[in-house]
Amino acid sequence: MGNHNDPVIELTAIGRINTGFMTLDQCPGSGRFNEGTSTIELKSEFAQGLHNIQMASHAIVLYWFDKANRNSLMRKTKPGEAQRGVFASRSPGRPNPVAVSVVRIIKHDGSTLTVSGLDCLDGSSVIDIKPYCPEEDRMDDARIGWTFP
């Protein structure tokens, strides 16, 4: 896939996500379909990084879809929908299965963050958490060429 000049990128899981979804069939197709709560349990050495997280109502959570197909570059589509490359889709199957969800922050207690809006398997690794900043993250003129259910 790459060549010898590609940089090696190392990620450290900062914690685990507890969603209660044990199989892929149980996972919602998007975090926006999960109004239930999930917890993010950070490793103790990263807990201080949550200090004052409650100043934000929402956060961006980056996590790892470790069960995803990493070999497909084309997205299978519904009948009548245009075929798209993986980088033109939100498909979990991709060369680096980094997932992202905007979640509502419900509660912060020590190294635990309770949120709503995650769509991953129980035990998924957390890569990073960032506050969602409407002034920076919202794009009022953003559009997409397909419809969501």
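Sequence positions, counted from 1, serve as the residue numbers for this chain. Fair warning: this is a prediction, and the values are worked out from it, not measured in the lab.
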Asks: Which residues pass the salt bridge (Lys or Arg N to Asp or Glu O under 4.0 Å) test with Arg138, not counting sequence neighbours?
Replies: Asp140

Asks: For a quick test of reading the model, state the closest non-hydrogen atom pair linking Lys43 to Ala13 and the distance between them.
Replies: NZ-O, 2.9 Å

Asks: Which is it for Thr37 and Val115 under the side chain to side chain contact (heavy atoms under 4.5 Å, CB included) test, yes or no, and what are the steps along the way?
Replies: CA-CA 5 Å; Thr37 60; Val115 301; over 6 Å; no

Asks: side-chain contact (heavy atoms from CB on, under 4.5 Å) with Glu41: which residues, sequence neighbours excluded?
Replies: Asn18, Thr39, Ser111, Thr112

Asks: Looking at every heavy atom in both Leu118 and Ser38, which two are closest together, and how far apart are they?
Replies: CD1-CB, 4.0 Å

Asks: Using a 6.0 Å cut-off, check whether atom CD of Gln48 has over 12 heavy atoms from anything other than its own residue.
Replies: no

Asks: Show every salt bridge (Lys or Arg N to Asp or Glu O under 4.0 Å) that has at least one partner inside residues 124-137, sequence neighbours left out.
Replies: Asp128-Lys130

Asks: Mind checking what makes side-chain contact (heavy atoms from CB on, under 4.5 Å) contact with Ala56, not counting sequence neighbours?
Replies: Ile105, Pro131

Asks: Would the distance check show the side chain of Thr19 and the main-chain N or O of Asp122 forming a donor-acceptor pair, the cut-off being under 3.5 Å?
Replies: yes

Asks: Between Ser125 and Arg16, do the side chains contain an N or O donor and an N or O acceptor separated by less than 3.5 Å?
Replies: yes

Asks: Using every non-hydrogen atom in the two residues, find where Gln54 and His108 come nearest and quote the distance to one decimal.
Replies: OE1-ND1, 3.7 Å

Asks: Evaluate the criterion side chain to side chain contact (heavy atoms under 4.5 Å, CB included) for residue pair Ile127 and Ile14; output intermediate values, then yes/no.
Replies: CA-CA 6 Å; Ile127 299 169; Ile14 62 171; over 6 Å; no

Asks: For the pair His58 (side chain) and Ile60 (backbone), establish whether a donor and an acceptor sit closer than 3.5 Å, ignoring hydrogens and angles.
Replies: no

Asks: Using only atom types and a distance under 3.5 Å, with no angle test, would you say the side chain of Ser72 pairs donor to acceptor with the backbone of Met74?
Replies: yes

Asks: The criterion is side-chain hydrogen bond (donor to acceptor under 3.5 Å, both in side chains); which residues satisfy it with Asp109, sequence neighbours excluded?
Replies: none

Asks: Do Leu62 and Leu11 share a hydrophobic cluster (ILVMFWY, side-chain heavy atoms under 4.5 Å, transitive)?
Replies: yes

Asks: The criterion is side-chain contact (heavy atoms from CB on, under 4.5 Å); which residues satisfy it with Met55, sequence neighbours excluded?
Replies: Asn52

Asks: Show the nearest heavy-atom pair for residues Pro95 and Pro97, with the distance to one decimal.
Replies: O-CD, 3.7 Å

Asks: Hey, any chance Ile106 and Leu113 share a hydrophobic cluster, counting ILVMFWY side chains that come within less than 4.5 Å of each other, even indirectly?
Replies: no

Asks: Please give me the minimum heavy-atom distance between Ser89 and Arg75, naming the atom from each residue.
Replies: CB-CD, 3.1 Å

Asks: Connecting only ILVMFWY residues whose side-chain heavy atoms lie within less than 4.5 Å of each other, what is the rest of Leu73's hydrophobic cluster?
Replies: Val86, Phe87

Asks: What residues, two or more places apart in sequence or in another chain, satisfy ring-ring contact (aromatic ring centres under 6.0 Å, His included) together with Phe65?
Replies: Tyr63

Asks: Among residues at least two apart in sequence or on other chains, which ones pass side-chain hydrogen bond (donor to acceptor under 3.5 Å, both in side chains) with Arg104?
Replies: none

